[in-house]
Amino acid sequence: MDYQQQILLTTVQRYNILPVTSHCKSSCIFCSHRQNPKSIRVYNFGQLSMETVNILIPFLDDKRKIVIGESATRLIEGEPFCHPDFKQILYNIREQYPNTLISITTNGNFLNDDWFRVLEDVKPIEINYSVNVLDFDLRKKVMGNAGKYPPSYIMEQFAEYNILYHGSIVSMNWLTGWHDLEELIMRLEVNNCSTIRIFLPGYTKFTHHTLKMPKGFSNKLCEKVKEYEKKYTIPITLEPIVIKTLKPQVDGVIRNSLADKSGMKKGDIITKVDNFKVLTRVDAFNTIKKKENPIVTILREGIEESITLNKRKGESPGLVMYYDIDSSLLDSISGYLRSSRSQKGWLFVSELGYNIISELVKKYAKGLNLELVAVQSNFFAGSIKAAGLLLLEDFLDAFKGVASRVSLSEDLIILPAIAFDHNGYDLCNRNYSEFEDLTGVKTIIL
Ligand code: SF4
């Protein structure tokens, strides 16, 4: 099996993502694929043949939602609706998995009346609509292709056919204006969209200067989002965001969802689920999702209350919470430190995750000899602060800083697994094992 076939299978088995095409027939000015230097190894697999798709479908897991059009590996995921056999692919999935939710990410450019009927036919379905811009001409300017129907029509059809959907917006409003953003949020709200994710357009040192956010734009967008959150009832999140506290706070509740019907509200702090204490947002969210009819203890304006969430096991209750950290990370680290008989652990983390992981360690890892190292993205630089885009050379740069003041020879270094693929290679094809070879310090990825 060649490397590309391996990634195809890993993508399906590990992430429950079914790749169908790398083509998209758009040319978004913010698209990261346009900005990557040649040393970044990502794979364009073209259009997968029906034969290959049919080989992959049986490897999907019917207990998890089936995802199409999202990228979790180095495969370039394109626009699924531009695959000429996409209807047949959906029907084939449905035939093998009659009740599993299919989640499709699309820019909507290929949707037409026929497609809405198909989507209704293959429910349960969830659409992540990368809408970005409302105005047809502005959308063409930003995405290179605005499709046949304007976003307002697509949203109306989603509402008409009662299709579950979420809106996502890469905010380039210094080019498209604030009016377009608010008008778009308003249309999504009135057309029964479930949630809106707004993204700051990331840029690197390879990005052309005209596409970089102007100074002050990110603060202005934060203020605007706060304003919209007060004005509209649809949950709106802004990403990436620096989470300042571990408190398991509810950041939004989807309208008419189980959580909404049970009386949960934005701002509630979840303290316990079925009487078990939860430490982080991720713990709270995952525990609630796993359970049937959990009793959720919350703090609302300082007063403790209990709410029964009537739901099935594994069902999403409709809570919107930012992703912070899974507290079981500490148990794993403790296990590795014990088994490797290392004196101390050095946990290399992204700049984005540093504060929150630091709080977790301070509060809940008192007996653990562990120190955190914030790793800067020197390779990509710009606004990049997430662990998934760190490279081996960034970790080596951070190591030099630490090794210049202390000896780590008896210690254990823990690098974030998200920066490496299933075989341990970073985005420039360097294996994490090189880190141990070059530094002489025992190294694992977690
Ligand atoms: S639709 Fe997605 S893959 Fe295509 S150009 Fe836009 S951002 Fe890039």
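One-based numbering, in listed order, for ligands and for the atoms of each.
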*Could you please give the number of protein N/O/S atoms within less than 2.8 Å of atom 6 (Fe) of ligand 1?*
1
*Positive for side-chain hydrogen bond (donor to acceptor under 3.5 Å, both in side chains) with H422, one of Q13, R74, Q6, R14*: Q6
*Does the protein put a heavy atom less than 4.0 Å from atom 1 (S) of ligand 1?*
yes
*Would you check if the distance from the ring center of F285 to the ring center of Y322 is below 6.0 Å?*
no
*Pick one: which of I236, I196, L134 meets side chain to side chain contact (heavy atoms under 4.5 Å, CB included) with L188?*
I196
*asked:* My understanding is that only residues two or more places apart in sequence, or in another chain, count here; which of them pass ring-ring contact (aromatic ring centres under 6.0 Å, His included) with F217?
replied: W174, W178
*Kindly indicate whether the side chain of L246, heavy atoms from C-beta on, has any atom under 4.5 Å from the side chain of L279.*
no
*With N109, the side-chain hydrogen bond (donor to acceptor under 3.5 Å, both in side chains) member among E79, R139, K148*: R139
